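Report on the structure given below.
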Amino acid sequence: MQQIIEFLKENLQLIYILILAVFIGVEVIKNIPAVLHTPLMSGANALSGVVIVGAILVMLNADPNNYVALSLGFLAVVLGIINVVGGFAVTDRMLQMFKKKKK
Amino acid sequence: MQQIIEFLKENLQLIYILILAVFIGVEVIKNIPAVLHTPLMSGANALSGVVIVGAILVMLNADPNNYVALSLGFLAVVLGIINVVGGFAVTDRMLQMFKKKKK
Amino acid sequence: MSITLSIIYLISTITFVIGLKLLGHPETAKKGNSIAAFGMGLAIIGTIFLNNLEVPIFIYILIIVAILIGSVIGWLIAIKVEMTKMPELVSLFNGFGGASAALIGIVEYGNNQADITQVTTIIAAIIIGSITFSGSMIAWAKLNGSLKKDIRLPKYNLINNLLLIALIVFGFFIVNGSINGEIIIYILLLFSLIYGILFVIPIGGADMPVVISLLNSLTGIAAAITGILYDNMVMMVGGILVGSAGLILTFAMCKAMNRSLSNVIFGAFGGDSVAAKKGSTIGGHIKKTNPSDVAVLMNYADKVVIVPGYGLAVAQAQHVIHELEELLTKKGVEVSYAIHPVAGRMPGHMNVLLAESNVSYDKLIEMDDINPQFKNTDVVLVVGANDVVNPAAHNDPSSPIYGMPILEVEDARSIIINKRSMNPGYAGIQNELFFNQKTSMLFGDAKETLTKLVQELKNM
Amino acid sequence: MSITLSIIYLISTITFVIGLKLLGHPETAKKGNSIAAFGMGLAIIGTIFLNNLEVPIFIYILIIVAILIGSVIGWLIAIKVEMTKMPELVSLFNGFGGASAALIGIVEYGNNQADITQVTTIIAAIIIGSITFSGSMIAWAKLNGSLKKDIRLPKYNLINNLLLIALIVFGFFIVNGSINGEIIIYILLLFSLIYGILFVIPIGGADMPVVISLLNSLTGIAAAITGILYDNMVMMVGGILVGSAGLILTFAMCKAMNRSLSNVIFGAFGGDSVAAKKGSTIGGHIKKTNPSDVAVLMNYADKVVIVPGYGLAVAQAQHVIHELEELLTKKGVEVSYAIHPVAGRMPGHMNVLLAESNVSYDKLIEMDDINPQFKNTDVVLVVGANDVVNPAAHNDPSSPIYGMPILEVEDARSIIINKRSMNPGYAGIQNELFFNQKTSMLFGDAKETLTKLVQELKNM
Ligand SMILES: NC(=O)c1ccc[n+]([C@@H]2O[C@H](COP(=O)([O-])OP(=O)(O)OC[C@H]3O[C@@H](n4cnc5c(N)ncnc54)[C@H](OP(=O)(O)O)[C@@H]3O)[C@@H](O)[C@H]2O)c1
Ligand SMILES: NC(=O)c1ccc[n+]([C@@H]2O[C@H](COP(=O)([O-])OP(=O)(O)OC[C@H]3O[C@@H](n4cnc5c(N)ncnc54)[C@H](OP(=O)(O)O)[C@@H]3O)[C@@H](O)[C@H]2O)c1
């Protein structure tokens, strides 16, 4: 309990940021038309690939002799970037199709 | 310039909070029906009375012998609370009227 | 700050967000207002009682006395005010908020002159707070009629902008430490107050709602800045919410009037001169009518639509118009109201006014829904409205209101227009509708004329 | 962290918010995707090159190689994938994101075992990341058909929940310091992976979209937690955005199916048993038909509506259905598609599939718009759809789909249903529509049958 209070005290602004971000996420997504559900899921999925930033930091911070850390980091970067690039690309492809049809 | 950078560095989370709050304010208000413009303006006005918190802090922090500070703080509290209480009350009154008519 | 207080502030912030959100939907608006008010109460009580400071009892007493006095005043004003006076009330309250921020800034300048961030926020709070205060007071005076003329110095835009720049430079030097001292802050205060006056005074009375909305947004920003000073989250987030929401509302209003914000603020004069020119080009024959003829016409109509406008609010005719509507309904006439989004003195104002005089909600038809119905309408009664029914918005690309959506009353079989004279409305342009074959002018003050009309109808 | 990098992260965060916002409107969706992608690129490049750390060159090379490899793989998958495979693709990518988070957690556990906050975030990242990974892989396997059966241990809900609690307690002890050591973290990883598998494996294949959306939301949360570990704002805000948006999307999907989330996750088995009972109560006579009869019927129709469903996607019949539509249009028949929001394998999936096969946008009519039109429709052709046209949703309060809005094809003059057998659809219930007097069953695989139908029509 004491630790939780400590944490709250030190990271108050962080908590505000998280709560505000939750509100934005909710506010932005609700009421979107069903047509866009699939592209939106795929786009949100690409966004969750932001974890790649952490994967890069793992490699940058790794001890150059720690091969385990380096390999795991390498794998994390590869997987993360697949999520990002693939996610955005496939979303774009889907939306491209809608656009073409629209005119 | 140096000072601005310093400020940014020290208050990074703050800036995120402010930007996210701007997004929420915008997101929440746009697309509201014209019927509600008047109550909304009045409600937002009541909210801006949150400055009362600062006015109370002024009085709490004031040197008990500093009569100028105490009087100015007193005035600030009075004005601030008028804004808050009056604002919420009149908004409620307006909305009450809508409600009554609706059924 | 105690952790409990931090959590209370967090809860208050959340209630603000949720409250504002709910305020945006008719069904939930009342709940939203209560939630935000609850959060505000929490924040205030928490600030007083959970502050971890050593404060002499008499200061607590002072605070509580101040809160009691202010609450009573605010409450009384709120329950006593007439609904027609809504815009000036918002303006008044808003000015108080701004004044509060400025006062805080002044006291705190006495306490902190070292930290550059703090001095910056203090100076900003003083400048913005006092501009909001004096600007709101002028807006208030304009709206309640104590200040009728739009006073315009020659080249007022130039003067105002120079003054604003001077203020900012002044503030910068104070922050810089180049100038300081207790007295200097009062000079800053004075100049900010003057700027607030000069900023609002040239703007026309009918534009005041836009100005109020803008000033409201500024008060929010002032609150947020004060929040930075105290590192107080509820003030920061709450203030910014109001700031951004207010700005969006301001733009929405401008858009509904088909004008730009800068046109509202800087363009008042230009607008008028164009208008004056336009006014002269329209002419023709007008038909006058009188209450008894109108009573006959309405008595035998199947469907009557009432278009209320700014003049109805000014004449306080909302109760008699409701009487008229009930009377006609009793006689078997189908009556409804056509509500233009910017009719009246502030957006949505007509809804509030008519709701107050017990007009039933479902008789108020919004512009887009009523426009197709005018074709089947026998009589349209336009009461104190002008611009919102001006066909120039459709026909005349050179008109200042060109492009603004209007109520298309021209489609009705006959049109009765009640106003006091041929004077133009807010946009300052003549209305060719008055010269339409189908139109009859029913001159006179809205309240008096409608009372006569009701009398005639009762006698039939 | 350099100030430039902070600002870059701030910009990226803003692009995420704006991008997500724009993704929610058909006209701006493409732009929104590009803006978010741009922001992501910025964040990645900034992280690599503006880190202020002393890093040996070979690590830079490794990072760049990893990025190149991953980008090429991701890109190739993205441009090669068939649109019918969309759900499994999202699931696959999502799993990779989760795996990445788990790997980060494992490496970082090696580096930080002192700070309690850090260990907490690390443990959470590992648990959530690996659940997402293994869960997504199962979802992927189910969707692409490699894993056909819904494997259910006896009392699987109880087992799963106990395992989850055990995982949390386990994590708590690691944070606590009660247990530690390199090996312990791998055990945690293993159990989390197992939980992910057990969590998804009992859920039916048709519910996978909901599960994927939920897992997607979890990946966002994992990213946010990793962001806390590095005090990295773009990860935190971006992750939370995805987390909350994903959750809203999940609930929206459940609502469109008229089910609760807990029913989807825990209720699979119960649902089936009810369904089985129901299935037996409906009976009656069915009418069979064949492609040549249907061809005649359609040839002389004025208005045909096509209802595509899950079976169309499975049979990959979207191209031949478009051919049918063009042929009929050429013969002067008015053809449109009735799109149910949850027809297919994921929400909005039918729109994507039909758009892919060049069906023009304005032929796709949403449920609420098409329902009143069925009255004037001569022939409805239902292809591989079942639940979305089941009148039990209207008539039978005991039905699991009761309350779900459906396409009211019953109103049409004649109804042709193409499916392979009398087997029920996803909800596992029989469809009384099949026994309707107006209904004729056209049995067979959608692609084959439609190809025959097109052939017949061409010969006429
Ligand atoms: N609602 C908003 O948010 C808002 C905000 C800012 C600006 N505006 C602007 O305000 C205008 C509103 O349009 P509107 O048609 O409602 O009003 P309007 O165009 O300003 O016309 C009001 C008319 O009422 C008449 N009037 C005044 N006092 C009267 C009385 N006692 N009895 C009878 N008639 C009286 C005036 O004519 P006489 O002098 O001949 O009697 C005047 O022509 C629009 O141009 C709009 O853009 C609205
Ligand atoms: N879209 C979403 O987001 C989503 C998500 C989760 C769940 N769901 C659920 O999925 C269901 C979707 O409804 P729906 O009407 O589209 O599908 P459905 O009710 O699942 O029916 C699909 C029908 O297609 C037939 N079929 C399968 N393969 C075929 C083939 N190769 N050729 C011809 N027919 C074939 C099947 O019958 P045979 O086996 O006799 O051929 C089956 O009855 C709803 O219950 C919905 O709640 C949707």
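We name chains A, B, ... by the order of the sequence lines, and we start the count at 1 in each one. Being a predicted model, the structure only gives us computed values, none of them experimental. All values below come from the heavy atoms of this structure, side chains included, with hydrogens, waters and symmetry mates left out.
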>> Can you tell me which portion of C/M233 sits under 4.5 Å from chain B's heavy atoms? Options are side chain, backbone, both or neither.
In response: side chain
>> Counting heavy-atom pairs under 4.5 Å with chain B, which one of C/A223, C/A101, C/A37 comes out on top?
In response: C/A37
>> Can you tell me which portion of C/M86 sits under 4.5 Å from chain B's heavy atoms? Options are side chain, backbone, both or neither.
In response: side chain
>> Between C/H322 and C/E356 (side chain of the first, backbone of the second, donor and acceptor by atom type, cut-off under 3.5 Å), is there such a pair?
In response: no
> Of the backbone (N, CA, C, O) and the side chain (C-beta and beyond), which part of C/T226 lies under 4.5 Å from a heavy atom of chain B, both, or neither?
Replying inline: side chain
>> Given heavy-atom pairs under 4.5 angstrom as the criterion, report whether the side chain, backbone, both or neither of C/L20 touches chain B.
In response: both
>> As an exercise: rank B/E27, B/H37, B/R93 by heavy-atom pairs under 4.5 Å with chain C and give me the winner.
In response: B/R93
>> Is C/F251 in contact with chain B via its backbone, its side chain, both, or neither, using a 4.5 Å heavy-atom distance?
In response: neither
>> As an exercise: rank B/V85, B/I29, B/T38 by heavy-atom pairs under 4.5 Å with chain C and give me the winner.
In response: B/T38
>> Between C/A43, C/A99, C/S213, C/G220, who has the most heavy-atom pairs with chain B when the cutoff is under 4.5 Å?
In response: C/S213
>> Counting heavy-atom pairs under 4.5 Å with chain B, which one of C/I106, C/T13, C/I77, C/I44 comes out on top?
In response: C/I44
>> Determine whether a donor-acceptor pair (N or O, by modelled atom type, separation under 3.5 Å) exists between the side chain of C/S71 and the backbone of C/I67.
In response: yes
Name each donor-acceptor pair under 3.5 Å that joins a side chain in residues 64-72 of chain B to protein atoms two or more places apart or in another chain, with its distance.
residue, atom, partner, partner atom, Å
B/N66, OD1, B/V68, N, 3.3
B/N66, OD1, B/A69, N, 3.1
B/S71, OG, B/Y67, O, 2.4

> side-chain contact (heavy atoms from CB on, under 4.5 Å) between C/F16 and C/V234: does it pass, once the steps are laid out?
Replying inline: CA-CA 9 Å; C/F16 290 178; C/V234 74; 3.8 Å; yes
>> I need the residue from B/I81, B/N11, B/V84 with the largest number of non-hydrogen atom pairs under 4.5 Å to chain C.
In response: B/I81
> Are the side chain of C/S100 and the backbone N or O of C/G97 linked by a donor-acceptor pair below 3.5 Å?
Replying inline: no
> Okay, side chain of C/T132, backbone of C/G98: is any donor-acceptor separation there less than 3.5 Å?
Replying inline: no
>> Strictly distance-based, threshold 3.5 Å: is any side-chain N or O of C/N33 a donor or acceptor partner for the main-chain N or O of B/F88?
In response: yes
> Any donor-acceptor pair under 3.5 Å linking the side chain of C/H25 with the backbone of C/E27?
Replying inline: no
>> Taking side chain as everything from C-beta outward and backbone as N, CA, C, O, which of these in C/L76 sits under 4.5 Å from a heavy atom of chain B? Side chain, backbone, both or neither.
In response: neither
> Under a 4.5 Å heavy-atom cut-off, does chain C meet the side chain of B/I17, its backbone, both or neither?
Replying inline: side chain
> Taking every heavy-atom pair that is under 4.5 Å apart, which of B/G87, B/G73, B/A76, B/A89 has the most such pairs with chain C?
Replying inline: B/A76
> When you look at C/I69 and B/F74, which way does the side-chain contact (heavy atoms from CB on, under 4.5 Å) test go after all the steps?
Replying inline: CA-CA 10 Å; C/I69 295 178; B/F74 187 86; 4.0 Å; yes
> Pick from C/I339, C/V72, C/I79, C/L68: which one has the most heavy-atom pairs with chain B under 4.5 Å?
Replying inline: C/I79
>> Please list all pairs meeting salt bridge (Lys or Arg N to Asp or Glu O under 4.0 Å) that have one or both residues in residues 54-82 of chain C, counting only residues at least two apart or in different chains.
In response: C/E82-C/K85
>> Using a 3.5 Å distance criterion without hydrogens, assess whether the side chain of B/N61 forms a donor-acceptor pair with backbone atoms of B/V58.
In response: no
> Looking at B/L47, B/V77, B/L57, B/V78, which has the largest count of heavy-atom pairs under 4.5 Å with chain C?
Replying inline: B/L47
> Given a strict heavy-atom distance threshold of 4.5 Å, which part of B/L36 is in contact with chain C: side chain, backbone, both, or neither?
Replying inline: side chain
>> Please classify the contact between C/V55 and chain B as side chain, backbone, both or neither, with a heavy-atom cut-off of under 4.5 Å.
In response: side chain
>> Between C/L53 and chain B, with a heavy-atom cut-off of 4.5 Å, which part of the residue counts as in contact: side chain, backbone, both or neither?
In response: side chain
>> I need the residue from C/L62, C/T219, C/L247, C/I212 with the largest number of non-hydrogen atom pairs under 4.5 Å to chain B.
In response: C/L62
> Relative to chain C, which of B/N45, B/N83, B/V53 shows the most heavy atom pairs under 4.5 Å?
Replying inline: B/N45
> Between C/S136 and C/S91, does any side-chain donor sit less than 3.5 Å from a side-chain acceptor?
Replying inline: no
>> For chain B, which candidate among C/P341, C/G239, C/G74, C/G95 shows the most heavy-atom pairs at distances under 4.5 Å?
In response: C/G74
> Is there a donor-acceptor pair under 3.5 Å between the side chain of C/S217 and the backbone N or O of C/G246?
Replying inline: no
